[in-house]
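Shown next, in structure tokens, is the structure this report addresses.
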Amino acid sequence: MGKDTIADIITSIRNADMNRKGTIQITYTNITENFVKILLQEGFIENVRKHQERDKSFLVSTLRHNRKGSYRRILNLKRISRPGLRIYSNYQRIPRILGGMGILILSTSRGIMTDREARLERVGGEILCCIW
């Protein structure tokens with residue numbers, strides 16, 4: 001785990017999806033909790049529970065997979081803003097991913113939210129990642 005918690009979450013989700021693992025374990029912070037809640041609301045994750053071992057807390061998440069015969073990757077995640085290059089946008093210029101089929105996750109002054117919520121509340125912020 002590095003200092004970029006969002007990149008760590010995205011990498012662990014992407015690796016678990018590619019390796020057909022059902023669950024992932026993420027170090028618990030307020031940012032990771034809000035990020036995973038958005039993924040749960042949007043239907044990319046089936047469930048989340050908080051797990052504690054000794055002094056550390058973890059979020060254990062179950063990924064949603066295609067239960068049909070052939071395996072197909074469900075998630076495509078891309079980190080937009082990173083520690084070396086921050087990308088900010090006002091609410092009018094928030095891009096749409098695949099014509100609204102994907103979502104952007106933004107860090108705003110009102111917390112972490114999706115692009116749809118940010119447009120409704122008319123607030124901009126840092127574009128963390130996109131998921132489609």
Side-chain angles (χ1 to χ4, degrees):
M1 292 283 174
K3 299 215 183 245
D4 189 7
T5 57
I6 301 297
D8 292 340
I9 295 170
I10 290 172
T11 302
S12 62
I13 290 172
R14 188 182 301 128
N15 289 342
D17 190 43
M18 286 192 311
N19 292 326
R20 301 179 189 172
K21 290 190 177 181
T23 60
I24 57 170
Q25 188 173 356
I26 302 168
T27 305
Y28 177 82
T29 62
N30 288 335
I31 294 172
T32 57
E33 180 185 26
N34 293 331
F35 193 86
V36 170
K37 280 183 183 178
I38 288 176
L39 293 177
L40 182 65
Q41 289 171 355
E42 294 293 325
F44 294 109
I45 291 179
E46 285 184 15
N47 62 17
V48 178
R49 63 182 166 85
K50 190 175 177 183
H51 179 70
Q52 187 156 354
E53 291 180 7
R54 298 185 189 124
D55 309 2
K56 296 185 177 184
S57 296
F58 297 98
L59 291 174
V60 179
S61 304
T62 305
L63 295 178
R64 186 176 303 260
H65 287 291
N66 187 4
R67 305 268 191 239
K68 307 269 177 177
S70 64
Y71 181 78
R72 184 177 72 82
R73 285 184 49 196
I74 302 291
L75 298 175
N76 290 310
L77 297 106
K78 184 178 179 186
R79 178 81 157 119
I80 304 293
S81 182
R82 50 191 172 86
L85 178 66
R86 302 285 186 187
I87 307 294
Y88 296 96
S89 177
N90 62 8
Y91 76 93
Q92 297 165 336
R93 296 182 188 256
I94 296 174
R96 294 186 190 275
I97 304 300
L98 294 176
M101 296 294 289
I103 63 167
L104 282 174
I105 298 180
L106 289 91
S107 176
T108 67
S109 59
R110 296 184 188 164
I112 295 178
M113 60 180 63
T114 64
D115 57 339
R116 287 181 222 115
E117 293 170 346
R119 282 189 202 97
L120 286 175
E121 293 190 21
R122 300 174 73 100
V123 63
E126 180 183 356
I127 301 174
L128 297 177
C129 69
C130 64
I131 304 168
W132 69 96

Rounded distance (nearest 0.5 Å) linking atom CG of Leu63 with atom NZ of Lys21: 11.0 Å
Reported NE2-to-OG1 distance for the pair His51 and Thr23, which is rounded to 0.5 angstrom: 11.0 Å
Verdict with reasoning, Arg116 to Glu42, per salt bridge (charged side-chain N to carboxylate O under 4.0 Å, His left out): CA-CA 11 Å; Arg116 287 181 222 115; Glu42 294 293 325; 3.3 Å; yes
Whether Asp17 side chain and Ile13 backbone form a donor-acceptor pair below 3.5 Å: no
CD (Glu117) and CD1 (Ile103) are apart, to the nearest 0.5 Å, by 9.0 Å
Got a donor-acceptor contact below 3.5 angstrom from the Thr32 side chain to the Thr27 backbone? yes
Are Phe58 and Ile10 joined in one hydrophobic group, where the rule is that I, L, V, M, F, W and Y side chains link up if heavy atoms are under 4.5 Å apart? no
Checking the side chain of Arg79 only, and the main-chain atoms of Leu128 only, is there a donor and an acceptor separated by less than 3.5 Å? yes
Nearest heavy-atom neighbours spanning Phe44 and Ile131: CZ-CG2, 3.6 Å
Kindly check if the number of other-residue, nucleotide or ligand heavy atoms within 6.0 Å of CZ (Arg96) is above 12? no
About how many Å separate CD1 of Ile9 and SG of Cys129, when rounded to the nearest 0.5 Å? 8.5 Å
Between Arg14 and Leu77 (side chain of the first, backbone of the second, donor and acceptor by atom type, cut-off under 3.5 Å), is there such a pair? yes
Just wondering, more than 12 heavy atoms not from Ile97 lying within 6.0 Å of its CD1? yes
